[in-house]
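To start, the structure under review is shown below, and the notes come after it.
Chain naming here is simple, since letters A, B, ... match the order of the sequence lines and numbering starts at 1 in each. These values consider heavy atoms only, across backbone and side chains, with no hydrogens, waters or symmetry-generated copies.
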Amino acid sequence: MREKIVLIDGHSILNRAFYGIPDLTNAEGLHTNAIYGFLNILFKILEEEKPEYLTVTFDVHAPTFRHEMYKEYKGTRKPMAEELRQQVPVIKEVLQAMNVEIIEQAGLEADDLLGTLSRRCEENGMDVAIISGDRDTLQLATEHVKIRIPKTKQGKTEVEDYLAADVKERYQVTPTEFIDVKALMGDTADNIPGVPGIGEKTATKIIVDYGSIENAYAHVDELKPPRASKNLKEFWEQAKLSKTLATIEVNADIAFDLEGAKHGNLYTKEAYDYFQELQFKNLLARFDVEATVNDVEQYFCEIVDRKKAEEIFERAGRADVVGIAFSEDNENLLPLFAHTSGYGRVSLAFGEQEVYTIPCGDDLPMEYLFERVSGIANDVETFSVFNLKEVLSLLDVRSEEYCFDGIIAAYLLNPLKNDYQFEDVAREQLNLTVDSQVTGKELSCYEAYTAFAAVKPLRAHLEETGMKKMFDEIEMPLLFTLFHMEQAGVRVEADELRVYGEELGAQIVVLEKEIYEMAGEMFNINSPKQLGVILFEKMGLPNGKKTKTGYSTAAGALEKLAPEYPIVDKILEYRQLSKLKSTYADGLANFIGLDGRIHGKFHQTITATGRISSTEPNLQNIPIRMELGRLIRKVFIPDEDYVFVDADYSQIELRILAHCSGDEQLIQAYREARDIHRMTASQVFHIPFDEVTDLERRNAKAVNFGIVYGISSFGLSRNISITRKEAAQYIESYFETYPGIKKFLDDAVKQAKEEGYVTTLFGRRRPVPELASSNFMQRSFGERVAMNAPIQGTAADIMKIAMIRVDQALRANHMKSRLLIQVHDELLVETHKDELQAVEAILKREMEGAAELAVPLDIDMHHGSNWYEAK
DNA sequence: TGAGTCACG
DNA sequence: ACGTACGTGACTCAG
């Protein structure tokens with residue numbers, strides 16, 4: 001068995017990690033994302049390779065020649081970002097603490113260090129894995145030297161592996177020939193001139209045919225195209241120089257002691273201290289996995305006996321805090337959550353050493369288990385379950401105020417995560433790592449234990465961050481309201497929907513034909529790529545905007561061409577109809593249940609701002625702006641003897657802005673129920689109120705929107721088709737008119753910069769890590785987020801309060817009417833005809849009364865026999 | 001699986 | 001110089 005060494009290109013991997021991982025900082029404000037990403041790649045590679053030896057190379061001086069670090073910017077050289085620079089010494093210290101050998105030698109680039117070390121190790125009969133983000137290292141690949149190029153995509157790391165044969169397969173040339181290819185084509189980032197007029201394709205072809213630049217030069221008159229032949233002759237000296245520059249040194253004079261590179265225990269006390277200081281909580285867990293797991297797991301206990309189960313349930317009922325987990329035992333059997341007779345288990349934890357799991361069985365049917373758990377829910381002080389809404393249909397919970405969902409708490413503490421799992425809560429709150437191998441009853445016990453043990457730290461963190469009330473009085477009660485809405489569902493007329501879809505289908509067929517005729521051939525209109533080729537290459541339309549992959553065929557880009565090219569109109573119409581058909585007509589039909597209703601899901605832990613989101617299907621983006629799409633709403637109907645009542649807040653975000661900024665003019669205007677956009681136009685453009693034209697009002701409205709979105713002259717100018725300069729003047733004039741708003745927005749950005757987050761009126765937090773970035777674009781984004789989040793988030797808070805109160809009022813009065821759908825500033829209530837007035841009164845009272853602001857909250861309300869009419 | 005497009009607030 | 005309005009989800013294509 002050959003021994004193995006892993007060689008890591010330190011700067012290159014650090015650089016990859018820096019740009020691949022979102023900004024992170026520790027408590028002292030030290031940026032840590034590159035270090036974090038580096039360590040993750042290191043651990044991943046070590047797990048895969050299990051090498052005997054490990055070495056990391058660094059350039060000792062600031063790199064001046066070819067280096068990965070400088071290539072990120074389109075080949076131009078810029079100094080290293082400060083956020084990255086400060087992490088370089090730290091990663092070296094961390095690696096030293098982990099007893100990892102570091103090699104750096106003045107005057108030698110990382111490539112040459114890697115080349116020399118890998119050659120030396122290979123000659124000593126070892127396997128070598130070179131980890132680098134730099135494709136230049138591919139020339140080092142052999143049968144025993146593997147080049148591994150990690151790519152961080154969306155937080156996940158994938159690695160491309162190249163042995164010599166893989167290089168050949170991918171690039172058609174051997175690793176050695178790779179050098180010659182580069183010598184011909186050059187590399188601006190590395191200051192390798194190459195041969196003018198020879199690009200990647202020609203270079204590859206020449207080397208495939210001749211094997212080296214020397215041999216190509218010997219046959220220089222045969223080379224094709226003629227330009228390559230001529231230029232190689234003319235620039236032969238430059239080509240030779242390029243080859244020298246492109247060749248990585250493999251025989252450098254380096255002091256290297258293999259014994260020092262022996263890979264031993266990484267998890268030292270010193271490393272632990274560093275990880276703690278850097279706040280790498282989930283990496284910390286690596287240090288004591290054994291200990292923690294064993295500690296908790298030894299108390300896990302499975303109960304199959306009815307009598308013993310009874311006893312456990314009784315003891316749990318007397319506890320203060322109980323953590324519960326439900327799980328399916330066997331995926332081949334009935335889904336537990338769809339049917340109470342499914343085959344599963346319930347786990348309970350009510351003490352550090354009291355963790356039990358009870359599978360259903362002959363003496364212990366699921367119905368019985370659910371009944372006993374419901375009893376506990378109503379007895380104990382804290383009933384803790386992760387994703388409570390998902391299991392609520394199985395339980396009979398009467399004392400909602402004693403429930404605790406750690407997933408919701410975790411979301412409030414950091415709303416930016418993509419998903420929330422109990423394993424993350426265990427790691428972050430309890431420093432407990434649940435191994436991904438754990439399944440079945442153990443996993444269930446871990447979940448119950450975490451539900452139990454995480455209550456205290458989560459509550460403490462909610463308290464510290466000022467979000468206790470947000471959790472207890474808004475998010476937890478809302479969970480039940482959303483559950484009620486999902487249970488209720490909305491009735492949809494399947495037949496009407498089908499007819500609507502068929503009509504669309506017929507029109508689509510006609511349009512298709514017309515488009516093919518005009519284009520002169522058949523193609524897939526839904527493929528932006530094919531469409532781009534047809535429009536801009538075949539038909540020769542002027543192509544304006546481009547995307548990363550080709551021409552932009554977005555509606556905005558095409559519309560500008562519409563008058564001259566009738567096909568564009570047809571395509572836009574086709575797009576509109578096929579969207580309506582696929583997403584709405586056919587799409588919605590798939591979700592109609594046996595009860596004739598669509599039970600969509602409402603999610604509480606998705607958005608960064610606190611809004612709710614809707615899926616399966618998305619009921620928050622049903623068409624309304626265009627009449628044809630709007631007609632879809634006619635298939636959303638109430639039950640017999642019911643009508644729809646729909647109420648929406650009028651300009652809630654601008655009212656919040658008026659309140660939060662304390663701007664007297666705006667507040668006064670809302671108190672007097674004036675036309676806000678007209679007033680804005682009048683004041684910003686210095687026109688008498690009554691002389692404001694429609695266009696001016698529209699533009700003023702866009703400015704108001706822009707303010708809410710975090711204004712920028714660029715965005716505004718693009719939106720209302722004016723120059724950037726004019727947009728900047730609008731904004732300036734706006735801020736002169738409403739100085740309070742300017743101050744409010746400035747303060748939001750200031751707070752975000754100082755604290756790292758902004759808050760809503762009710763204390764909800766949104767972190768804004770982008771503000772610390774050195775990247776202009778990211779930082780600007782952070783500024784807009786800081787301005788927008790408090791407004792959008794406060795609107796979300798107010799709506800949530802209203803929803804809870806409406807839902808509770810309907811239930812408290814034992815009414816038949818029920819809340820069905822929320823669309824951010826709008827509520828839809830299926831209202832029994834005898835309760836119409838009462839429901840309207842409740843909606844008005846609870847929505848307008850959800851918050852006491854300096855301006856009134858106003859709603860528009862309508863009723864009708866379908867959603868189209870009620871809106 | 002990501003990019004492009006488009007539906008909503 | 002940089003090159004975007006804020007927040008979502010579904011569908012389609014193409015690699």
Side-chain angles (χ1 to χ4, degrees), chain A residues 73-74 76 78 153-154 156 158 415 523-532 545-558 571-572 575-588 590-591 600-603 606-626 628-630 632-633 648-649 651-653 702-703 705-720 724 727 731 766 770 773-793 795-796 799 821-826 871:
Chain A
Y73 304 94
K74 303 169 192 162
T76 59
K78 296 196 175 181
K153 276 187 181 174
Q154 303 260 319
K156 282 184 184 169
E158 283 183 15
F523 64 100
N524 190 339
I525 310 170
N526 283 319
S527 162
K529 199 177 164 187
Q530 292 184 35
L531 182 61
K545 277 178 78 174
K546 283 204 170 178
T547 62
K548 285 174 205 162
T549 51
Y551 311 103
S552 170
T553 64
L558 291 188
I571 286 165
L572 292 174
R575 282 245 181 96
Q576 195 192 4
L577 297 187
S578 64
K579 173 103 182 177
L580 287 174
K581 180 160 164 62
S582 66
T583 305
Y584 298 103
D586 302 346
L588 287 175
N590 289 328
F591 289 101
K601 292 181 180 172
F602 289 101
H603 303 276
I606 300 294
T607 71
T609 52
R611 275 189 175 181
I612 287 164
S613 90
S614 162
T615 64
E616 298 175 62
N618 183 350
L619 295 171
Q620 292 180 319
N621 71 345
I622 305 300
I624 191 164
R625 293 173 190 168
M626 305 290 277
L628 181 64
R630 191 176 193 150
I632 278 272
R633 292 177 173 240
D648 67 284
Y649 281 114
Q651 297 176 346
I652 186 166
E653 291 183 340
V703 175
F705 265 92
I707 296 291
V708 170
Y709 290 158
I711 195 91
S712 78
S713 57
F714 194 94
L716 180 64
S717 68
R718 206 158 69 78
N719 192 350
I720 57 178
R724 241 186 103 170
I731 294 167
R766 153 127 200 207
E770 297 88 352
S773 169
S774 62
N775 178 303
F776 173 85
M777 201 185 81
Q778 287 233 337
R779 212 171 45 242
S780 306
F781 174 71
E783 287 170 5
R784 294 195 297 273
V785 160
M787 294 189 260
N788 169 265
I791 303 172
Q792 188 182 121
M799 179 50 109
I821 292 173
Q822 183 250 42
V823 194
H824 309 308
D825 66 352
E826 168 193 356
K871 177 78 182 149

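For A:Q778, no side-chain nitrogen or oxygen approaches OP1 or OP2 of C:dC2 to under 4.0 Å. A close approach under 4.0 Å does not occur between any side-chain nitrogen or oxygen of A:K601 and OP1 or OP2 of C:dG9. Of the side-chain N and O atoms in A:S712, none sit less than 4.0 angstrom from OP1 or OP2 of C:dA5.
Side-chain contact, A:R779 with A:S774: no donor N or O sits under 3.5 Å from an acceptor N or O. Judged by distance alone, the side chains of A:T615 and A:H603 do bring a donor and an acceptor atom under 3.5 Å apart.
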(request) Determine, for nucleotides 4-9 of chain B in 5'-to-3' order, which nucleotides have protein heavy atoms under 4.0 Å from the base (write B), from only the sugar-phosphate (write S), or from neither (write -). (result) SSBBBB
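When rounded to the nearest whole Å, the span between CG of A:N775 and P of C:dA1 equals 16 Å. In this structure, CD1 of A:I525 is placed 16 Å from C1' of C:dC11, rounded to the nearest angstrom. As a whole-Å value, the separation of A:F602 CZ from C:dT8 P is 17 Å. Here C:dG7 presents its C1' atom at 12 Å from CD of A:Q822, a figure rounded to the nearest Å. Atom CZ in A:R784 sits about 4 Å away from atom P in C:dC6, given to the nearest Å. The nearest whole Å value for the distance from the CD1 atom in A:I606 to the P atom in C:dA10 is 10 Å. Distance CD1 (A:I707) to P (C:dC6): 14 Å, rounded to an integer number of Å. Across the protein-nucleic acid pair, A:I731 atom CD1 and C:dT4 atom P stand 16 Å apart, rounded to whole Å.
When each of A:F781 and A:M777 is assigned the nucleotide of DNA chain C bearing its nearest heavy atom, the one mapping closer to the 5' terminus is A:M777.
Residues meeting the salt bridge (Lys or Arg N to Asp or Glu O under 4.0 Å) test with A:D825, sequence neighbours left out: none. Listed by chain and number, the residues in a side chain to side chain contact (heavy atoms under 4.5 Å, CB included) with A:E770 are A:V768, A:Q778, A:F781 (sequence neighbours excluded).
Here A:G706 lies in heavy-atom contact (under 4.0 Å) with a base. In this structure, A:I612 reaches neither bases nor backbone, as no heavy-atom distance under 4.0 Å exists between it and the strands shown. Among the protein residues, A:S614 comes within range of the sugar-phosphate backbone only, with heavy atoms under 4.0 Å from sugar or phosphate atoms but none that close to a base. Within 4.0 Å of A:S780, counting heavy atoms only, lies no atom of the nucleic acid at all. Within the nucleic acid shown, A:A727 has no heavy atom closer than 4.0 Å to any nucleic acid atom. Among the heavy atoms of the strands, none lies under 4.0 Å from A:D648. Residue-level contact check: A:N719 touches the bases, meaning some heavy atom is under 4.0 Å from a base atom.
The closest side-chain heavy-atom distance from A:N788 to A:V708 is below 4.5 Å. At a threshold of 4.5 Å between non-hydrogen side-chain atoms, the residues A:I612 and A:T607 do not count as touching.
Comparing the P positions of B:dT5 and C:dT4 gives an interatomic distance of 14 Å, to the nearest angstrom. With P as the reference atom, C:dA5 and B:dG4 are 13 Å apart, rounded to whole Å.
Between the A:R633 side chain and the A:P623 main chain, a donor and an acceptor come within less than 3.5 Å of each other. Side chain of A:S578 to backbone of A:R575: a donor-acceptor contact under 3.5 angstrom is found.
No more than 12 heavy-atom neighbours from other residues, nucleotides or ligands sit within 6.0 angstrom of CZ on A:F705.
Which of C:dG3, C:dT4, C:dC11 sits closest to the side chain of A:S582 comes down to C:dC11. When each of C:dA5, C:dT8, C:dA14 is scored by its nearest atom to the side-chain atoms of A:A608, the top-ranked nucleotide is C:dT8.
C:dC6 and B:dG9 make up a base pair, with Watson-Crick or G-U wobble contacts both under 3.5 Å.
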